[in-house]
Amino acid sequence: MSNLILIVALLGFAVVLLVLLRIGLLPHRRISVIDAMPVKEADRALAERILRALRARNLSALILGVIGVVAAVLIHQAFITSGGLVLVAAPAGIWVLVVLVLLCWPIPFEASERQLGEKGPASASLVPRTTRMFGPAWGLVVPIVLFSVALVGILGAGVLSSVDDRGRYRQIDYQTVTSSVVDGNMIVTDNLVGQASAGPFPGWYYTVPVVVLLVAGLGLTLFALFGNARRPSLRNPGLAEFDHVVRTHNGYVLSSGFSAFLCLQMVPLLSMAATVVYTMASNHIYTVGQKMDDGSTGGVVYDPWQVAFAWSLGGLAVLLLIVGILLLGYLVAWVAVAYGAGSKKWQRRVGASA
């Protein structure tokens, strides 16, 4: 019954994730920063400076992410006895590095008196800005829900874990048929149930560093989203639309980036859990009355509920991998749009050159 509840919960989570992806992400058209550039020459100088900073910080964050992937692989190969800890925690660690770049590289916001003009007009909105005003509607809800579900699953796996031969919590103990009871004529009279262990399992050895990195990533992302909303507005009236588009751009980059790396972070943990649960589903059952000899073994019998649970975990891992890759593509597309890809002006140039 417990396996049935878990299977239903996994399937429900997968359906909700697909619905959110279809409604909130796929139909959206990206807003081009290029198209929002001000027309007046007096406003363009500051806008171009902001655009250069936006391009540089986004590109640097992407390059750092790629370097993080390569570094994780090299560190894993150098410390192969670590049980793949670096690779397992790599997605969350890479996102922490990426969001740190975005936080430590501020976007210029204050116009100089020369740019405003000695008696130039200034504008200021009286509407309090919030993080929900910039970026996707799901920008806060989906990452927090994904984080909460992931945290519950990670902590649950940690509680169930047990130590391996090196004292690391990366195994899980379970009951299975370990041998048979035979009489004096070597005839099987009963099956003997005992303790066994399987791994690698996403126990505390993996989940503690992952949780620390995920909490850090969530905190930094929320801080960055809050800072994006509270950053002082551009005072030039002609830059109001451009300012709003830049904030929206940052909101989408942060929300889609954290969601992508959070999905990818769950893939190795779910894959390990699915493999272990499938191993636990099999039992070598001896037939009562069977004549035992040196080569006798029990017949393999699978628990259908555990098999279904293992396939559900594996299916969810594949789904999160696909969603994570889609969100990564979405993130790269938002970075590319700052270079003009997807803008009306860029499309006109491509059409003219063709």
Side-chain angles (χ1 to χ4, degrees), residues 30-31 33 36 45-75 86 89-112 115 129-136 139-140 143-144 146-147 209-235 239 242-265 324 327-328 330-339:
R30 283 170 291 279
I31 304 171
V33 183
L46 178 59
E48 288 175 355
R49 186 158 64 95
I50 292 174
L51 182 59
R52 287 194 298 269
L54 189 70
R55 289 171 172 174
R57 70 201 292 265
N58 287 348
L59 185 60
S60 299
L62 280 182
I63 293 174
L64 183 62
V66 175
I67 294 175
V69 173
V70 176
V73 174
L74 294 177
I75 295 173
V86 176
I94 292 171
W95 175 249
V96 169
L97 294 177
V98 168
V99 75
L100 279 175
V101 171
L102 299 178
L103 278 172
C104 297
W105 197 322
I107 294 177
F109 58 84
E110 188 63 34
S112 65
Q115 290 166 330
R129 293 193 301 268
T130 63
T131 55
R132 294 183 61 86
M133 295 173 63
F134 311 104
L140 284 177
I144 291 177
L146 285 174
F147 174 83
V210 167
V211 167
V212 171
L213 290 172
L214 285 180
V215 171
L218 177 63
L220 291 172
T221 303
L222 293 177
F223 184 74
L225 287 170
F226 180 76
N228 182 52
R230 295 300 302 271
R231 181 171 57 86
S233 298
L234 301 177
R235 294 179 290 173
L239 291 171
F242 178 77
D243 184 50
H244 185 276
V245 171
V246 169
R247 294 178 195 272
T248 302
H249 177 94
N250 289 330
Y252 271 98
V253 167
L254 289 167
S255 298
S256 58
F258 180 67
S259 300
F261 281 93
L262 183 54
C263 289
L264 295 176
Q265 179 57 75
L327 287 168
L328 274 183
Y330 194 65
L331 172 62
V332 173
W334 269 101
V335 173
V337 84
Y339 291 87

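Hydrogens, waters and symmetry mates play no part in the numbers below; they use all other heavy atoms, side chains included.
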> I need the minimum non-hydrogen distance between Ser259 and Pro143, along with the two atoms involved.
OG-CG, 3.4 Å
> Rounded to the nearest 0.5 Å, what separates atom CG in Leu214 from atom CZ in Phe258?
6.5 Å
> Distance-only check: which donor-acceptor pairs under 3.5 Å involve side-chain atoms of residues 96-106, not counting sequence neighbours?
none

> Take Leu51 and Val246, measure what side-chain contact (heavy atoms from CB on, under 4.5 Å) needs, and give me the verdict at the end.
CA-CA 8 Å; Leu51 182 59; Val246 169; over 6 Å; no
> Leu146 vs Gln265, test: side-chain contact (heavy atoms from CB on, under 4.5 Å). Steps then yes/no.
CA-CA 11 Å; Leu146 285 174; Gln265 179 57 75; over 6 Å; no
> I'd like to know whether Thr221 forms a side-chain contact (heavy atoms from CB on, under 4.5 Å) with Trp95, so could you lay out the CA-CA distance, the side-chain angles of the two residues, the decisive distance to 0.1 Å, and finally the verdict.
CA-CA 9 Å; Thr221 303; Trp95 175 249; 2.9 Å; yes
> Are side-chain heavy atoms of Leu328 and Leu264 found at a separation under 4.5 Å?
yes
> In the structure I gave you, are the side-chain heavy atoms of Arg247 and Ile107 within less than 4.5 Å of one another anywhere?
no
> Under 3.5 Å, which donor-acceptor pairs link side chains of residues 59-67 to any protein atom two or more places apart or in another chain?
from, atom 1, to, atom 2, distance (Å)
Ser60, OG, Ala56, O, 2.7

> Once you round to the nearest 0.5 Å, how far does CG of Leu327 lie from OG of Ser256?
6.5 Å
> Going by the rule side-chain hydrogen bond (donor to acceptor under 3.5 Å, both in side chains), which residues pair with Asn58 if we only count those two or more places apart in sequence or in a different chain?
His249
> How long is the span from the CG atom in Leu262 to the CG atom in Leu218, to the nearest 0.5 Å?
8.5 Å
